[in-house]
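Keep in mind that this is a model prediction, so the values were computed, not measured. Every chain is numbered from 1, with letters handed out A, B, ... down the list of sequences.
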Number of protein chains: 2
Amino acid sequence: MTTRQRILDASLALFNEQGERNVSTNHIAAHLEISPGNLYYHFKNKQAIIFELAMSYQQRVLTVLEVPEERALTVTDKITYLQGILSGLWDYRFIHRDMEHLLAADDQLKSHYQAFFRQCLQRVVAIYRGLRTAGIIALNDDDLNSLALNTWIVVTSWISFLRTHLLAQGGQPENMLQLQGGVYQVFALERPFLTEAFRDEVVALQQAFAPRPQWLHSLF
Amino acid sequence: MTTRQRILDASLALFNEQGERNVSTNHIAAHLEISPGNLYYHFKNKQAIIFELAMSYQQRVLTVLEVPEERALTVTDKITYLQGILSGLWDYRFIHRDMEHLLAADDQLKSHYQAFFRQCLQRVVAIYRGLRTAGIIALNDDDLNSLALNTWIVVTSWISFLRTHLLAQGGQPENMLQLQGGVYQVFALERPFLTEAFRDEVVALQQAFAPRPQWLHSLF
DNA sequence: GACGCTTTAGAGTAATCACTCTAATAATGG
DNA sequence: CCATTATTAGAGTGATTACTCTAAAGCGTC
């Protein structure tokens, strides 16, 4: 693997674990046992590393959100989408931790991200339209748009919600289970719009993602 | 006003405007035209300032979320709650920008915050129970719990959503209007649970908070 | 094996950070 | 008016930051 790629991988891992704020370029170099000069030979500054990671993240998410045109959507599709997005968010979780800072520090990243968000929202809308066409949910366009936006907000906030409100240290195994709770939570958004024909089936599926009692009951 | 209070006020203003990360204790002192030594006479470190601001924030939110016991809830109550919370979140918006960092840096704040969150969630649940008792919404306990959690997530993420996805510079006047969009968005969460008796009334009310076309249509 | 290009090491730098120390000044109370 | 205490100024500190510079090492090719 090239040094350049090793820098990206190490940066991503360290940013995720400790937060971008707490990881300096010197830390990254030391972790890789290379010199700071070497790091700066491959990237002109820290922003450039972040920018590249953010591009990978966006590509990952957009790939997950592709909408099949030739066939109708199924309930399983929806789960696949959610799991894909949640695992993408997890793998790049440093990005949503203080995105305001990342965007404020890099105009190029900001415009890229805002375009990316529009694309995402359009695809989420398209997915819900697909579910409506498939007869799985029933709602008007206003409700659908609001649902799409609320879904986006809940999904993208879910990880930081977990990390701030629940388990203290960011142990991965524990959180991976809780991560699935995001699926449950989004299903709860859609549930009232389910058609009678699909309600029982979907609700049964949702239960598979029900948060484990040990932390759910500690909430309510 | 005491120097101590002036430090708190200036810190809050600067943290909100520039982000806690970008505001050093030296900045705060310089802004107040006092010496760093003076600042550290009143607060033992930066964390202590943040901690105190976080306590004010929590008290503000809990005060807003008080549930009247002697009377039934009305639709107007709900709007009052939402506006109160949103304006509280706005006035302390630095807190939700990188809360993970704030909590990781201060164990005391972390335990306070987690207890605070539980209290908030319980009150949101109580409010929805009140609306159910008043016959405004109809749902079972599972749906109600999920709705409460989703409401909390959407409300607390709304401001950072606005600041990252929409208008670039954080101009207050523009954002104050958009801030109200959060009310609309939460109403959208509840809308499918409205009883027939109240649906038309509430939906009409919701329209008053509909986001202005100039940025809504840019989204979809 | 000499040349040129890419990659690397590592010392160094100016700026900034949170915070400390000492001493001067103001306020207070007897 | 004096003694004590509370408040303030301001210089300074060691650590850390993002990043630069120079020179050396690899390495492919003729």
Members of residues 8-31 of chain B that approach DNA chain D, where some heavy atom sits under 4.0 Å away: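 Listed by number, there are none.
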Residue-level proximity of residues 37-52 of chain A to DNA chain D when a heavy atom falls under 4.0 Å: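 Result for residues 37-52 of chain A: A:Gly37, A:Tyr40, A:Asn45, A:Lys46, sorted by number.
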Side-chain donor/acceptor of A:Asn145 to backbone N/O of A:Val125, under 3.5 Å: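 No, A:Asn145 side chain to A:Val125 backbone: no donor-acceptor pair under 3.5 Å.
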Polar side-chain atom of A:Asn26 near backbone of A:Pro36 as donor-acceptor pair, under 3.5 Å: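 No, the answer is negative, given that no donor and acceptor are paired below the 3.5 Å cut-off.
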Listed partners of [X] passing side-chain hydrogen bond (donor to acceptor under 3.5 Å, both in side chains), at least two apart:
{"X": "A:Tyr113", "answer": "B:His165"}
{"X": "A:Ser157", "answer": "B:Ser157"}
{"X": "B:Asn45", "answer": "none"}
{"X": "B:Thr151", "answer": "B:Tyr128"}

Five-pair end axes of the helix from C:dG1-D:dC30 to C:dG30-D:dC1, angle between them (10°):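 Its terminal axes enclose an angle near 0°.
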Qualifying salt bridge (Lys or Arg N to Asp or Glu O under 4.0 Å) pairs with a residue from residues 73-84 of chain A, counting only residues at least two apart or across chains: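 Sorted pair list: A:Arg71-A:Asp77, A:Lys78-A:Glu190.
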Sequence neighbours excluded, every pair satisfying salt bridge (Lys or Arg N to Asp or Glu O under 4.0 Å) that has a member inside residues 29-47 of chain A: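 Of all non-adjacent pairs touching residues 29-47 of chain A, those that pass salt bridge (Lys or Arg N to Asp or Glu O under 4.0 Å) are A:Glu20-A:Lys46.
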Residues forming a salt bridge (charged side-chain N to carboxylate O under 4.0 Å, His left out) with A:Arg129, sequence neighbours excluded: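 With sequence neighbours excluded, A:Arg129 shows a salt bridge (charged side-chain N to carboxylate O under 4.0 Å, His left out) to no residue whatsoever.
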Start and end of chain B contact along DNA chain D [non-hydrogen atoms, under 4.0 Å]: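 For DNA chain D, the relevant span reads D:dA6 to D:dG10.
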Residue pairs fulfilling ring-ring contact (aromatic ring centres under 6.0 Å, His included) with at least one residue in residues 38-63 of chain A, sequence neighbours excluded: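 Applying ring-ring contact (aromatic ring centres under 6.0 Å, His included) to every pair that reaches into residues 38-63 of chain A, excluding sequence neighbours, yields A:Phe51-A:His112, A:Tyr57-A:Tyr92, A:Tyr57-A:His96, A:Tyr57-A:Phe116.
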Side-chain touch A:Ile50/A:Asp106, heavy atoms, less than 4.5 angstrom: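 Result no, sub-4.5 Å side-chain heavy-atom pair not found.
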Modelled atom types, side-chain donor and acceptor of A:Ser87 and A:Arg60, under 3.5 Å: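 Present: a donor and an acceptor within the cut-off.
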